[in-house]
Amino acid sequence: MKTTFIRDILKKSKAGKTVEVCGWVYRKREMKDKIFLVIRDSTDIMQVIVTDKSDAWKSAQKVTIESSVIISGTLKQDFRAPTGYELKAEKLEIVDLAERFPISKDLSTEFLMDVRHLALRGIKQAAIIKLRSQMFMAFHEYFRKNKFIEAEAPSFMSQGSEGGSEVFQVKYFGKKAFLTQSWQFYAENMIHAFENVYALAPSFRAEKSSTNRHLTEYWHLEVESAWANLNDIINLTEGCISAVIDKLLSENSRELEIVGVDKKWLNSLKPPYKKITYSKAVKELQKKGFKIKEGQDFGAPHEKELAKNGPIFVTHYPMSILKFYHGEDPKNPGYGTNFNLLFPEVGETVDGSQREPELEKIKQRLKKAKINLGKSDWYLDSRRYGSVPHAGFGLGTERLLQALLKLDHIRDILPFPRFMNRIRP
Ligand code: 4AD
Ligand code: MG
């Protein structure tokens with residue numbers, strides 16, 4: 001197994017030292033008597049110079065982009081080199097001579113998506129995936145530190161949970177099954193065993209929206225907490241986002257630099273966030289000329305406007321546009337104990353609420369909305385055997401990272417994204 005990585009060499013080594021680099025040829029520039037290579041591994045890049053007098057010359061002439069190589073030589077500090085050092089090659093072993101690599105500059109997004117398995121090697125794309133990995137680490141650390149139990153739910157369901165037409169149907173041994181849209185039904189039952197639970201897992205949405213913020217398979221961070229109210233769940237939302245930002249800032253300077261994210265910008269996205277009620281938000285939008293009426297749900301342009309100056313919690317939506325499980329505000333009947341957290345450009349990123357704990361109220365709402373829970377009726381047991389006040393949220397992890405890194409499109413956040421017109425590779 002490889003134990004020395006380019007990042008370690010750049011950090012620890014001194015000029016004049018002999019080192020060995022294993023990696024892939026990222027760039028190649030040939031001159032009459034010297035060849036410049038840029039070698040890439042999972043951690044960083046290193047400039048290599050091969051002169052016509054060295055033993056490495058013949059291999060360097062032959063080597064192609066994305067060939068795997070082992071190069072040894074001496075390090076020299078060079079401020080013109082992209083990472084501050086240059087390796088003067090003495091030996092160059094070609095482990096595998098790559099065929100002509102299909103990716104070069106100025107290719108269409110469609111083509112890059114077709115060769116996504118190769119495009120992931122690009123250092124900017126790879127840095128985004130590393131930041132994603134770090135975000136996941138921060139979530140796990142945060143919830144473990146706060147004594148949450150990680151407990152997942154299945155992806156195959158006998159009935160869609162969130163309802164609507166956005167559910168994928170699959171065959172399950174001659175029967176119908178559906179891919180999960182949310183872990184929430186399971187979680188609202190699990191809190192009686194574990195009190196505080198979370199899961200980080202894929203959710204599936206058959207939404208026919210090809211926008212820059214919709215995936216058909218996305219990674220959903222879901223949290224449910226017994227004995228918690230709206231404020232508690234808002235605090236947890238802020239806490240875990242704060243943990244992510246802190247982690248990226250303290251451990252991923254280089255990746256942020258590669259992606260082009262300004263640390264000041266990332267710092268400016270740290271909680272606490274502004275809060276506004278739904279009704280106030282509607283009035284503000286009306287003042288700005290939007291044709292929205294009290295009782296209507298927000299669309300993407302409304303969310304964009306509301307989050308124009310930074311992340312914002314919109315709370316207490318009308319019950320008429322909420323789901324049957326949302327709690328109702330006793331101080332303001334007709335409005336829910338819920339929130340959406342909106343981020344600049346991306347819009348809705350987290351959706352959470354204090355839930356309705358009473359069985360009878362939920363039954364009435366289901367009846368009124370003509371919803372038949374069918375095979376999901378076991379959900380109601382959460383209100384039958386020791387129901388407690390509780391609250392939870394679902395956070396779209398790709399949307400969060402898209403907002404933090406200020407990326408145009410959500411597809412870049414996943415190694416192999418799935419959206420309406422993309423199911424390969
Ligand atoms: O708003 P949603 O549908 O809420 C729920 O599923 C609740 N049951 C969550 C809960 O309380 N446990 O989805 C939650 C979040 C959204 O706010 C959004 O960030 C993300 O999931 N999301 C998507 N992300 C990418 N592509 C899609 N098609 C998404 N749909 C929702
Ligand atoms: Mg929502």
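Counting convention: from 1, in listed order, for ligands and their atoms alike.
- Looking only at protein heavy atoms, the nearest one to atom 19 (O) of ligand 1 is Thr349 O, 2.8 Å.
- The Leu215 neighbourhood of ligand 1 comprises atoms 25 (C), 26 (N), 27 (C), 28 (N), with distances under 4.0 Å to a heavy atom of that residue.
- Using a cutoff of 4.0 Å between basic side-chain nitrogens and carboxylate oxygens, Arg7 and Glu255 are scored as salt-bridged.
- Those atoms of ligand 1 that come under 4.0 Å of a heavy atom in Val350, given as number and element, are 17 (O).
- Salt bridge annotation for Lys308-Glu305: present, with a cationic side-chain nitrogen under 4.0 angstrom from a carboxylate oxygen.
- Residue contacts with ligand 1 leave out Glu398, since none of its heavy atoms falls under 4.0 Å from the ligand.
- Between the Glu224 side chain and the His390 main chain, no donor and acceptor come within less than 3.5 Å of each other.
- At a heavy-atom cutoff of 4.0 Å, ligand 1 is contacted by both the backbone and the side chain of His214.
- No N or O atom of Gln181 sits closer than 3.5 Å to an N or O atom of ligand 1.
- Under 4.0 Å is where a charged nitrogen must lie from a carboxylate oxygen, and between Lys2 and Asp41 at least one such pair does.
- Looking at atom 3 (O) of ligand 1, its nearest protein heavy atom turns out to be Arg205 NH1, 2.8 Å.
- Electrostatic pairing of Arg384 and Asp381 counts as a salt bridge here, judged by a charged N lying under 4.0 Å from a carboxylate O.
- Scanning the protein for heavy atoms near atom 12 (N) of ligand 1, the closest one is Glu222 OE2, 2.7 Å.
- Residue-ligand proximity, Tyr325 to ligand 1, at heavy-atom distances under 4.0 Å covers atoms 8 (N).
- Sorted by first then second residue, the side chain to side chain donor-acceptor pair (under 3.5 Å) pairs that include residues 228-241, not counting sequence neighbours, number zero.
- For atom 15 (C) of ligand 1, the closest heavy atom belonging to the protein is Gly394 O, 3.7 Å.
- Listed by number with element, the atoms of ligand 1 under 4.0 angstrom from any heavy atom of Glu348 are 1 (O), 16 (C), 17 (O), 19 (O).
- Listed by number with element, the atoms of ligand 1 under 4.0 Å from a non-hydrogen atom of Ser182 are 6 (O), 8 (N).
- With Thr211, Leu400, Asp351 as candidates, the residue nearest to atom 1 (O) of ligand 1 on a non-hydrogen basis is Asp351.
- For the pair Arg422 and Glu110, the salt-bridge criterion is met [side-chain N within less than 4.0 Å of a carboxylate O].
- Scanning all protein heavy atoms for the shortest distance to atom 14 (C) of ligand 1 gives His220 NE2, 3.3 Å.
- Not one N or O of Ile410 is nearer than 3.5 Å to an N or O of ligand 1, by distance alone.
- The atom name of the N/O/S atom in Asp351 closest to the Mg ion (ligand 2) is OD2.
- With respect to Glu345 and Lys406, no salt bridge is recorded, no charged nitrogen being found less than 4.0 Å from a carboxylate O.
- Salt-bridge annotation for Glu303 and Arg213: present, with a side-chain N of the basic residue lying under 4.0 Å from a carboxylate O of the acidic one.
- Checking only distances, Arg355 does come within under 3.5 Å of ligand 1, N or O to N or O.
- Remark: Arg144 engages Glu150 in a salt bridge, criterion side-chain N to carboxylate O under 4.0 Å.
- Annotation for ligand 1: atoms under 4.0 Å from non-hydrogen atoms of Phe393 are 10 (C), 11 (O), 12 (N).
- Remark: ligand 1 and Glu207 share an N or O pair separated by less than 3.5 Å (distance only, no angle test).
- Atoms of ligand 1 found under 4.0 Å from any heavy atom of Arg213, numbered from 1 in the order shown, are 25 (C), 26 (N).
- Regarding atom 22 (N) of ligand 1, its nearest protein heavy-atom neighbour is Tyr218 CZ, 3.4 Å.
- Looking at Arg132 and Glu398, a side-chain N of the basic residue comes within less than 4.0 Å of a carboxylate O on the acidic one, giving a salt bridge.
- Using a 3.5 Å distance cut-off with no hydrogens or angles, the side chains of Ser225 and Glu195 do not pair a donor with an acceptor.
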